[in-house]
Engineer: 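Supplied in structure tokens, the structure appears directly below.
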Amino acid sequence: MGMNSTTCYLNGDYLPLAEARISPLDRGFLFGDGAYEVIPVYSRRPFRIGEHLARLQQTLDGIRLANPLTPAEWSARIARIVAAAPFADQSVYLQVTRGADAKRDHAFPQGVPPTVFIFTAPLTTTPDSVRASGVAAVTALDNRWLRCDLKVVALLANVLARQHAVDQGCAETILLRDGFMIEGAASNIFVVKDGTLLAPPKDHRMLPGVTYDVVLELAAQHGVPSVVREIPEEELRSADEVWMTSSTKEVLAITALDGKPVGAGVPGPLARRMHDWYQQFKDEVMRRG
Ligand code: PDD
């Protein structure tokens, strides 16, 4: 069964992904004018769905687009897509755009319904061999706009940053702005120095990651000192450990940065503990339902 036959949701209908159609005048297509979320699903149970839907609301407020659905309505649609999928561990993608007008005009259209789309794919997990060695990253200057706290579909700068990594055989590009480490092209970044976990502050320069919050909660719960503050580039480069976090990558050690080893060049002790705590936490949450 190919991906294209999985059921998706589009504007009120449930249909095979391959049959879903939108207008070429959709503002998501023309302007990148829309919001999105990616929600991990373990054993058919969405993880932190409330937090993802709250962040969706923040994004929609930030771009002045009314949320077409209540959290309960989102959850019901997501549940139906998840139940219909032939795989248990999933990554649910949802997107809302400002819809398709009859003309192309930058200004908001009047009386045009939003486009609402949900689809799911198998959750691609990191192979054990990759987790054991960690991944390589490169740095680049952050040339994105100043509303990086919004999860919008206009991702060209992130796309180029991520490809910059792939072109060099690396997993991620870590973005630097004004001499500070901000985040990855599609992940948040943590630094460990002398046993303390450092995280950049959630402000307009970075996406407030759902996984980022889980990691800080787990650090507090397990007595790991953590400090949220700006991280100068030198601290990134002299870190004992560097991690990337996201809903799909979870907690993944970065063991090489711009061709130089991070710390000992292998995943550090705190990365391994945090990964274990994260798995435990997932298991507990999923058992509770
Ligand atoms: N990306 N920063 C950026 C720029 C991201 O795109 C993401 C996630 C994160 C991590 O956020 P979270 O922990 O809530 O997944 C940080 C998703 C997975 C994506 O675009 O596919």
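Note that this is a predicted model, so its numbers are computed, not measured. Each ligand, and each atom within it, is numbered from 1 in the order the structure gives.
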Engineer: Answer yes or no: is there an ion pair linking R205 with E230, defined by an N-O contact shorter than 4.0 Å?
Structural biologist: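 Yes, this pair counts.
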Engineer: Quick one: look up the protein heavy atom nearest atom 10 (C) of ligand 1 and list residue, atom name and how far away it is.
Structural biologist: N188 OD1, 3.6 Å
Engineer: Testing the basics here: between R162 and A171, what is the closest heavy-atom pair and its distance to 0.1 Å?
Structural biologist: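 Taking every non-hydrogen atom into account, NE-O, 3.0 Å.
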Engineer: Nearest heavy atom to atom 7 (C) of ligand 1: which of A185, A161, A186, S246 does it belong to?
Structural biologist: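 It is A186 whose heavy atom sits nearest to atom 7 (C) of ligand 1.
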Engineer: Are E37 and R55 ion-paired here, with the side-chain N under 4.0 Å from a carboxylate O?
Structural biologist: yes
Engineer: Answer yes when E284 and R45 have at least one side-chain N-carboxylate O distance shorter than 4.0 Å, and no when they do not.
Structural biologist: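 Result for this pair is no, no salt bridge flagged.
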Engineer: Ligand 1 and L207, any nitrogen or oxygen pair closer than 3.5 angstrom?
Structural biologist: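 So ligand 1 has no N or O lying under 3.5 Å from an N or O of L207.
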Engineer: Taking only heavy atoms of V38 into account, list the atoms of ligand 1 that are under 4.0 Å away from them.
Structural biologist: 19 (C), 21 (O)
Engineer: Do we get R98 above F108's six-membered ring, with its NZ or CZ under 6.0 Å from the centre and within 45° of the axis?
Structural biologist: yes
Engineer: Tell me which one of S187, P208, G184 gets a heavy atom nearest to atom 16 (C) of ligand 1.
Structural biologist: S187
Engineer: Using a plain distance cutoff, I'd like to know if S247 has any nitrogen or oxygen under 3.5 Å from a nitrogen or oxygen of ligand 1.
Structural biologist: yes
Engineer: Take atom CZ of F29 as the centre, draw a 6.0 Å sphere, and report whether it contains more than 12 heavy atoms from other residues, nucleotides or ligands.
Structural biologist: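 Atom CZ in F29 is not crowded, with 12 or fewer foreign heavy atoms closer than 6.0 Å.
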Engineer: At what distance is the nearest protein heavy atom to atom 2 (N) of ligand 1, and which residue and atom is it?
Structural biologist: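 Residue, atom and distance for the closest contact: E183 OE1, 2.6 Å.
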Engineer: When you measure from atom 1 (N) of ligand 1 to every protein heavy atom, which one gives the shortest distance, and what is it?
Structural biologist: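 Result: K151 NZ, 3.3 Å.
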Engineer: For ligand 1, which atoms have a heavy atom of G209 less than 4.0 angstrom away?
Structural biologist: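 Per the distance check, 11 (O), 12 (P), 13 (O), 14 (O).
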Engineer: Do the side chains of E250 and K282 get close enough for a salt bridge, i.e. N-O under 4.0 angstrom?
Structural biologist: yes
Engineer: Quick one: nearest non-hydrogen protein atom to atom 13 (O) of ligand 1, plus distance?
Structural biologist: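 Going atom by atom, the protein heavy atom closest to atom 13 (O) of ligand 1 ends up being T211 OG1, 2.6 Å.
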Engineer: Near R55, which atoms of ligand 1 are under 4.0 Å from a heavy atom of that residue?
Structural biologist: 11 (O), 12 (P), 14 (O)
Engineer: Report yes or no: does a heavy atom of Y36 sit under 4.0 Å from some atom of ligand 1?
Structural biologist: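 Under 4.0 Å: yes for Y36.
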Engineer: Is it true that K202 and D213 make a salt bridge, defined as a side-chain N closer than 4.0 Å to a carboxylate O?
Structural biologist: yes
Engineer: Hey, is R229 close enough to E235 for a salt bridge, meaning N to O under 4.0 Å?
Structural biologist: yes
Engineer: Against heavy atoms of N158, which atoms of ligand 1 measure under 4.0 Å?
Structural biologist: 4 (C)
